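Report on the following structure.
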Amino acid sequence: MADFETREMPRDDSQEREEAAAEAAMDVAALAADALPDAAELTFEEKLAELNRTVMRHPLNREILYKTLAFCAEERPLREAEDFIAALPQFERATQNQFYMLMSLVRSYGLDMIERDEDGNRVLPEQKEGLSEDEVDDLVAEISFKSTDVGDWFVDYNKPSARLVDLLHLVPERTDTYIE
């Protein structure tokens, strides 16, 4: 009997496109307003786990999302936040646009989206009740973003210096090597 060489079947480009489309559909579904429970129903740890999952899920966006959380420690208008993201060197390889990334952080409890009226007052959900989409658009003059307590904690915990300290404590006998 002849020995046959086993080879991997070449992947069909249409199969890759289908997988990419399925992943994109899952991402969009994950961003649906009802995809995650209301923040009041979750503990701090559950919110943190969701934020961690969102940031760590896409390696090409990870550093951008982290830096965005840090940048929004102070309230930032939408245009300023989008410009900041676009200016990051990592954005060249990003798999999502700026607004999508900001909304991902909002939906995963890392950022608060703040809507303001013409006078700069915060628009509350009660004010939008019973209004048409056009009326809500007329009411909201500006959108801005600010890190939540969960987002601030995530940034502090994942600072490079904090990660280095964790690494040094992981194997203390290698501390000298790590310092070198």
Side-chain angles (χ1 to χ4, degrees), residues 20-88 90-159 162:
E23 184 177 327
M26 288 188 324
D27 285 345
V28 170
L31 284 179
D34 58 351
L36 296 171
D38 184 29
E41 298 173 13
L42 299 175
T43 65
F44 183 86
E45 290 76 19
E46 290 170 327
K47 292 176 194 174
L48 186 60
E50 182 58 35
L51 178 59
N52 189 59
R53 187 189 67 76
T54 298
V55 173
M56 299 303 177
R57 180 174 52 179
H58 295 291
L60 295 176
N61 300 343
R62 186 176 299 150
E63 192 69 19
I64 298 168
L65 294 171
Y66 171 81
K67 288 180 177 180
T68 300
L69 285 169
F71 180 72
C72 291
E74 297 177 21
E75 187 175 331
R76 305 289 182 162
L78 171 62
R79 176 59 46 208
E80 191 177 326
E82 286 183 330
D83 289 345
F84 171 79
I85 293 170
L88 292 172
Q90 296 88 352
F91 187 67
E92 291 178 16
R93 296 182 319 271
T95 60
Q96 299 163 339
N97 67 38
Q98 301 98 306
F99 187 73
Y100 188 95
M101 286 191 235
L102 288 164
M103 294 309 294
S104 295
L105 292 171
V106 168
R107 288 184 180 95
S108 60
Y109 316 106
L111 289 179
D112 274 332
M113 185 174 81
I114 302 165
E115 299 172 320
R116 298 200 179 273
D117 62 16
E118 289 289 330
D119 299 327
N121 299 319
R122 193 166 187 164
V123 175
L124 302 173
E126 301 85 45
Q127 293 173 280
K128 296 191 287 185
E129 285 180 17
L131 297 179
S132 70
E133 193 173 319
D134 288 337
E135 291 171 326
V136 171
D137 287 344
D138 292 340
L139 178 63
V140 176
E142 183 179 305
I143 295 175
S144 58
F145 298 91
K146 182 171 182 0
S147 293
T148 62
D149 292 341
V150 174
D152 290 338
W153 194 93
F154 182 87
V155 168
D156 286 342
Y157 183 78
N158 288 290
K159 282 183 180 174

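A quick note: this is a predicted structure, and the numbers were derived from the prediction, not measured.
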* To do: Could you tell me whether the side chains of Glu75 and Ser144 share a donor-acceptor contact shorter than 3.5 Å?
  => yes
* **Under the side-chain hydrogen bond (donor to acceptor under 3.5 Å, both in side chains) test, residues paired with Lys128 that sit two or more places apart** => Glu115
* Taking it one step at a time, do Val140 and Arg116 satisfy side chain to side chain contact (heavy atoms under 4.5 Å, CB included)? -> CA-CA 6 Å; Val140 176; Arg116 298 200 179 273; over 6 Å; no
* Asked: Which distance, rounded to the nearest 0.5 Å, do you find between the CD of Glu63 and the CZ of Arg93?
  -> 10.0 Å
* Taking every non-hydrogen atom, the tightest pair across Phe145 and Leu102 -> CE1-CD1, 3.9 Å
* Minimal non-hydrogen separation, Phe91 against Gln96, with atom names -> CE1-O, 3.7 Å
* **Reported CD-to-CG distance for the pair Glu135 and Leu139, which is rounded to 0.5 angstrom** => 9.5 Å
* **Rounded distance (nearest 0.5 Å) linking atom CZ of Arg76 with atom CD1 of Ile114** => 12.0 Å
* Ion pair Lys47/Glu50, N-O distance below 4.0 Å -> no
* Structure fact -> When rounded to the nearest 0.5 Å, the distance separating CH2 of Trp153 from CG of Leu51 is 10.5 Å
* **side chain to side chain contact (heavy atoms under 4.5 Å, CB included) evaluation trace for Ser147 with Leu111** => CA-CA 4 Å; Ser147 293; Leu111 289 179; 3.8 Å; yes
* Say whether, by atom type as modelled, one donor and one acceptor occur between the side chain of Asp117 and the main chain of Asp119 under 3.5 angstrom. => yes
* **Minimum-distance pair of heavy atoms, taken over all atoms of Glu46 and Thr43** => OE1-N, 2.8 Å
* Asked: Side chains of Thr95 and Asn61: is there a donor and an acceptor less than 3.5 Å apart?
  -> yes
* **Smallest separation among heavy atoms of Gln127 and Arg122, with atom names** => OE1-O, 3.4 Å
* Structure fact -> Distance col, row Leu78:CG vs Phe99:CZ, nearest 0.5 angstrom, shows 6.5 Å
Distance-only criterion, 3.5 Å: show the donor-acceptor pairs between side-chain atoms of residues 67-74 and protein atoms not counting sequence neighbours.
residue: Thr68; atom: OG1; partner: Ile64; partner atom: O; Å: 2.7

* Check: Thr54 side chain, Leu105 main-chain N or O, donor-acceptor pair, under 3.5 Å -> no
* Nearest-0.5 Å distance, OH of residue Tyr66 to CD of residue Gln90 -> 12.0 Å
* To do: Could you check if a side-chain atom of Met56 sits within less than 4.5 angstrom of a side-chain atom of Asn158, using non-hydrogen atoms only?
  => yes
* Does the pair Asn97 and Ile85 meet the rule for a side chain to side chain contact (heavy atoms under 4.5 Å, CB included), with working shown? -> CA-CA 9 Å; Asn97 67 38; Ile85 293 170; over 6 Å; no
* Is there side-chain contact between Ser108 and Arg53, with heavy atoms separated by less than 4.5 Å? -> no
* More than 12 non-hydrogen atoms from neighbouring residues, nucleotides or ligands closer than 6.0 Å to CG on Asp149, yes or no? -> no
* Is there side-chain contact between Met103 and Met113, with heavy atoms separated by less than 4.5 Å? -> yes
